[in-house]
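Read the structure below first, then the notes.
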Amino acid sequence: MDQLIQTIHHMTIELNQLLQDDQFEEFEKLLSQRKLIMDRVDTLRSYDPSYQYGEEETKLLWDTFQLDQQIGDHLRTRLDQTQQSLNQIQKNKEVKKKYSPYLKQTSGIFFDRKK
């Protein structure tokens with residue numbers, strides 16, 4: 001169990017680094033792998049519900065939790081930035097549409113584009 005918790009901790013450190021480097025595809029892959037290991041720990045815990053984490057494991061889990069909180073904060077910030085960018089793009093599209101000509105003229109004939 002100790003080895004699995006150490007692996008989760010190291011993966012969390014790597015996740016944080018990948019996020020800082022904007023390597024989102026690798027981040028997603030590693031996140032999925034970490035989830036599998038966490039599920040394995042949960043399975044082992046379900047086999048022995050009276051298992052108590054040792055002092056070293058508890059410290060690693062606490063450090064992992066704090067790193068995970070930082071990752072979550074960073075992801076929320078990035079999500080907000082992305083949402084603002086999408087809203088700005090949408091506004092720009094609407095403004096561009098408003099200033100485009102309503103009628104299109106070709107060879108002296110007018111075509112109504114809105115119908």
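Proximity of L44 to Y51: side-chain heavy atoms (C-beta onward) are nowhere separated by under 4.5 Å. For the pair H9 and I5, the minimum side-chain heavy-atom distance is 4.5 Å or more. You'll find the side chain of L67 stays beyond 4.5 Å of the side chain of W62, heavy atoms only. The shortest side-chain heavy-atom distance between F24 and R78 falls under the 4.5 Å cut-off. Using a 4.5 Å heavy-atom threshold, the side chains of D68 and R34 count as touching.
Note: M11 CE to N16 CG = 14.5 Å, rounded to the nearest 0.5 Å. Interatomic distance, CG of L79 versus CZ of R76, reported as 9.5 Å (0.5 Å rounding). We find the OG1-CG distance between T7 and D2 to be 9.0 Å, quoted to the nearest 0.5 Å. Here CD1 of I37 is found 12.0 Å from CD of Q6. Values are rounded to the nearest 0.5 Å. Between the CD atom in E28 and the CG atom in L18 there is a gap of 12.0 Å [rounded to 0.5 Å]. Atom CG of L30 is separated from atom CG of L15 by 4.0 Å, given to the nearest 0.5 angstrom.
Checked by atom type, the side-chain pair Q88/N92 shows a donor-acceptor distance below 3.5 Å. If you check the side chains of Q84 and D80, you find no donor sitting under 3.5 Å from an acceptor.
Just one of Q33, M38, K35, Q3 meets the side-chain contact (heavy atoms from CB on, under 4.5 Å) condition when paired with I8; it is M38. Considering D21, I71, D22 in turn, I71 is the only one that fulfils the side-chain contact (heavy atoms from CB on, under 4.5 Å) rule with F27.
Counting only residues at least two apart or on different chains, the salt bridge (Lys or Arg N to Asp or Glu O under 4.0 Å) pairs with a member in residues 44-62 are K59-D63.
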> Between E26 and E14, does a side-chain contact (heavy atoms from CB on, under 4.5 Å) hold up when you go through it step by step?
Replying inline: CA-CA 10 Å; E26 294 297 320; E14 271 188 73; over 6 Å; no
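Following chains of ILVMFWY side-chain contacts shorter than 4.5 Å, one can reach Y53 starting from L4, so the two form part of one hydrophobic cluster.
Atom CD of Q23 sits in a crowded spot, with more than 12 heavy atoms from other residues, nucleotides or ligands closer than 6.0 Å. The environment of CD in E25 is sparse: at most 12 heavy-atom neighbours from other residues, nucleotides or ligands sit within 6.0 Å.
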